[in-house]
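Note that the coordinates shown come from a computational prediction; the quantities given were computed from them, not determined experimentally. Numbered from 1 within each chain, the chains take letters A, B, ... in sequence-line order.
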2 protein chains.
Amino acid sequence: MRTTIKDVARAAGVHSSTVSRVINRKPCISQETVKRVFSAIEQLNYTPNALARSLKTKKIQTLAMLIPDISNPFFAELARGVEDTANQYGYNVILCNTDDCFEKEVTYLKLLAEKRVEGLIVATAQIRDKSILELGKTGCPYILLSRNIKGLQENSISIDDIAGGYLATEYLISLGHRNIAHIAGPYNTTTALDRIKGFKKALLTYGVPFQKQYIGEGDFRITGGYQVMKQFLELENPPTAVFTANDLLAVGAIEAIRENGFDVPADISIIGFDDIKLASYFSPPLTTIRQPMVEMGSLAIVKLLERIEHNITHPNILIKPELVVRKSCRRIN
Amino acid sequence: MRTTIKDVARAAGVHSSTVSRVINRKPCISQETVKRVFSAIEQLNYTPNALARSLKTKKIQTLAMLIPDISNPFFAELARGVEDTANQYGYNVILCNTDDCFEKEVTYLKLLAEKRVEGLIVATAQIRDKSILELGKTGCPYILLSRNIKGLQENSISIDDIAGGYLATEYLISLGHRNIAHIAGPYNTTTALDRIKGFKKALLTYGVPFQKQYIGEGDFRITGGYQVMKQFLELENPPTAVFTANDLLAVGAIEAIRENGFDVPADISIIGFDDIKLASYFSPPLTTIRQPMVEMGSLAIVKLLERIEHNITHPNILIKPELVVRKSCRRIN
DNA sequence: TTGAAAGCGTTACCAC
DNA sequence: GTGGTAACGCTTTCAA
């Protein structure tokens with residue numbers, strides 16, 4: 001059996017409530033007692049039981065983060081920002097990989113509710129995610145990160161996906177491209193839909209006709225980019241440039257292009273989205289739209305803790321995306 | 001105030017102990033009662049408090065994982081395996097980024113002990129890590145993953161680093177290289193030291209003299225590879241091939257080589273270690289030594305749970321590395 | 001098959 | 001400044 005506060009009290013010759021006061025640095029305790037208690041703690045190698053404490057205080061200093069897949073570098077970098085900042089404020093964070101699977105999300109949410117985590121960073125929300133909407137009712141504070149739910153005006157932090165999609169497409173157009181395709185993310189995410197919106201908006205603005213066969217649904221992973229690109233390449237009139245909804249899709253697209261004997265950017269230009277750390281080391285170095293992932297993760301925690309500790313909510317925050325020009329796009333005539 | 005087991009008991013017209021039995025699926029309860037209790041639970045939207053439960057049962061079904069940096073793809077893939085398998089067994093896992101900083105490690109360990117996590121996956125251990133060794137005494141079960149502590153014969157799972165280093169170096173030698181350098185990991189990790197051992201062993205086996213200036217200490221990150229490679233390039237007689245202790249170091253090394261106007265593999269061959277998911281998409285596609293990261297993470301959880309639930313310990317497990325030939329190495333005369 | 005009561009390790013309130 | 005006690009929400013043992 002582990003040593004408890006009572007063991008410490010006995011060893012120090014005081015009452016357990018006094019030990020508690022010392023541990024929690026409450027005022028009005030004699031120096032003498034403090035010293036005796038600490039030395040007893042040390043001697044007995046006492047570790048307070050946070051679980052028991054939380055039963056009284058209702059605070060366990062634990063958060064959780066729901067993401068589709070930590071092995072996706074975008075989410076890994078987000079996670080780094082989240083965990084670092086949480087830790088700075090004295091919180092731990094539980095990692096949950098949902099694979100964007102609704103059942104997994106529900107199961108996690110139930111478990112986390114039982115463990116009384118104080119807040120959630122949700123980077124997996126589907127477009128109408130009823131289990132997240134329910135969170136609103138149960139009162140567990142959360143921040144939607146990089147994903148939104150249709151109609152919600154509060155508590156989300158994300159890149160301006162429409163602006164990002166616009167920026168990418170505009171760049172391709174400025175390079176002289178007219179046959180521009182888009183490999184989108186899953187249609188059940190606002191992220192994917194908004195990037196499409198930006199894509200279409202740029203097309204419209206610059207008078208480039210939108211062609212239905214030039215858009216395909218990917219999965220935000222390499223394989224999806226590969227598959228959709230293969231389809232584009234079978235078209236009678238393949239695109240000369242493609243904007244992919246993230247960097248991983250770009251990697252898959254480039255692979256497909258090469259396999260068909262074409263070159264990037266000589267034959268087809270590619271622009272990604274995210275600017276994951278390794279984007280500049282791909283072949284060719286990937287032109288992309290940058291999201292400040294670590295900073296977004298960090299900001300999400302700051303806002304989440306403001307909700308938890310001071311009960312303030314925030315209108316949705318939109319981060320400005322940035323074009324990063326490298327070598328995967330080329331000008332055509 | 002949240003609804004408690006007593007509220008449910010009252011609503012169902014039974015005693016709270018009965019509700020507890022129903023929730024925990026204990027035998028010998030009438031169908032009738034079960035039904036009434038469940039309907040009360042539903043009606044009141046009751047969520048059991050796992051913290052209170054754990055106070056009695058001493059089980060909170062939570063593990064933690066200490067890694068240097070989740071944004072490093074190697075650890076992200078390890079983490080994916082860990083979290084997935086833990087979740088399968090009904091455990092949650094707390095993520096901790098230590099940056100291989102001893103103070104951070106100590107702080108985390110203390111916090112985690114207070115929260116009474118039941119087990120630890122440690123992928124950050126230094127070569128003589130006294131805080132981890134102390135874990136052994138306090139009795140918190142742990143598995144060392146991809147890192148060892150000098151002298152410990154139990155509870156570690158890692159790739160056979162010596163064999164991996166040997167494999168990589170042998171391959172370079174088989175390609176005709178004699179001026180072979182090594183960019184190592186931090187010298188305070190067994191990982192780095194064992195890969196060096198493998199490197200030297202291969203050199204010795206094939207009669208290639210070891211040259212002190214051909215080895216440099218990196219940090220397992222891109223920048224480290226870049227810096228050490230720069231130094232190699234300033235040598236009077238730069239290496240024609242470099243084995244880097246992980247893929248990220250390889251990426252940095254390639255960057256440095258290119259910056260100096262040389263080509264990989266035409267002028268200098270590079271072989272990495274890990275085979276992160278994106279390794280085949282670098283320029284050039286990286287030849288490397290494969291570690292089955294996801295499987296290792298998964299295995300670590302299986303072994304950890306065996307320790308937690310059945311108190312069985314294991315002798316150190318060594319995973320066999322595998323050479324993956326791609327395009328970053330070339331034969332010379 | 002169920003109820004009553006004790007207890008898990010803390011904290012917080014009320015005395016003194 | 002400090003001690004005593006109740007309470008947090010649950011499980012478990014004992015009795016009925």
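- Contact annotation for A:S17: base contact, defined as any heavy-atom pair under 4.0 Å involving a base atom.
- For A:S54, no side-chain nitrogen or oxygen approaches OP1 or OP2 of D:dC8 to under 4.0 Å.
- Ion pairing between A:E134 and A:K130 fails under the 4.0 Å rule for side-chain N and carboxylate O.
- Close to C:dT10, at under 4.0 Å from its OP1 or OP2, lies no side-chain N or O of A:K6.
- Taking 3.5 Å as the limit, the base of D:dA7 and the side chain of A:K56 contain a donor-acceptor pair of atoms between them.
- Contact annotation: B:T57 side-chain N/O to C:dC8 OP1/OP2 distance is not under 4.0 Å.
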N/O donor to acceptor pairs below 3.5 angstrom from side-chain atoms of residues 40-55 of chain B, sequence neighbours left out:
unit_1 : atom_1 : unit_2 : atom_2 : d
B:N49  : OD1    : B:L51  : N      : 2.8
B:N49  : OD1    : B:A52  : N      : 3.1
B:S54  : OG     : B:L51  : O      : 2.7

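- Contact annotation: A:H15 does not reach the phosphate of D:dT2 (side-chain N/O to OP1 or OP2, under 4.0 Å).
- Rounding to whole angstrom units, CD of residue B:Q31 and P of C:dT1 are separated by 9 Å.
- In this structure, CG of A:N24 is placed 5 Å from P of C:dT11, rounded to the nearest angstrom.
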Pair up each side-chain donor or acceptor in residues 62-84 of chain B with any protein partner under 3.5 Å, not counting sequence neighbours, and list the distances.
unit_1 : atom_1 : unit_2 : atom_2 : d
B:T62  : OG1    : A:K115 : NZ     : 3.2
B:T62  : OG1    : B:I60  : O      : 3.1
B:D69  : OD1    : A:R80  : NH1    : 2.9
B:D69  : OD1    : B:S71  : N      : 2.9
B:D69  : OD1    : B:S71  : OG     : 3.0
B:D69  : OD2    : B:S71  : OG     : 3.0
B:S71  : OG     : A:K277 : NZ     : 2.8
B:N72  : OD1    : B:F74  : N      : 2.9
B:E77  : OE2    : B:K277 : N      : 3.1
B:R80  : NE     : B:D84  : OD1    : 3.1
B:R80  : NE     : B:D84  : OD2    : 3.3
B:R80  : NH1    : A:D69  : OD1    : 2.9
B:R80  : NH1    : A:D99  : OD1    : 3.1
B:R80  : NH2    : A:D99  : OD1    : 3.3
B:R80  : NH2    : A:D99  : OD2    : 2.7
B:R80  : NH2    : B:D84  : OD1    : 3.2
B:R80  : NH2    : B:D84  : OD2    : 3.2
B:E83  : OE1    : A:N97  : N      : 3.3
B:E83  : OE1    : A:N97  : ND2    : 3.0
B:E83  : OE1    : A:Y108 : OH     : 2.9
B:E83  : OE2    : A:Y108 : OH     : 2.5

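- Phosphate proximity of C:dT10 to A:S20: absent, as no side-chain N or O sits under 4.0 Å from OP1 or OP2.
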Write down the protein N/O and nucleotide N/O pairs, taken from nucleotides 14-16 of chain D, whose separation is under 3.5 Å; answer none if there are no such pairs.
none

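- Ion pairing between B:R147 and B:D100 holds under the 4.0 Å rule for side-chain N and carboxylate O.
- The CG-C1' distance, from A:N49 to C:dT10, rounds to 8 Å in whole Å.
- A:K26 comes within contact range of the sugar-phosphate backbone alone, with a heavy-atom separation under 4.0 Å but no base atom that close.
- Protein atom CD1 of A:I29 is 11 Å distant from nucleotide atom P of D:dG3, rounded to whole Å.
- Residue A:K58 places at least one side-chain N or O closer than 4.0 Å to OP1 or OP2 of D:dG9.
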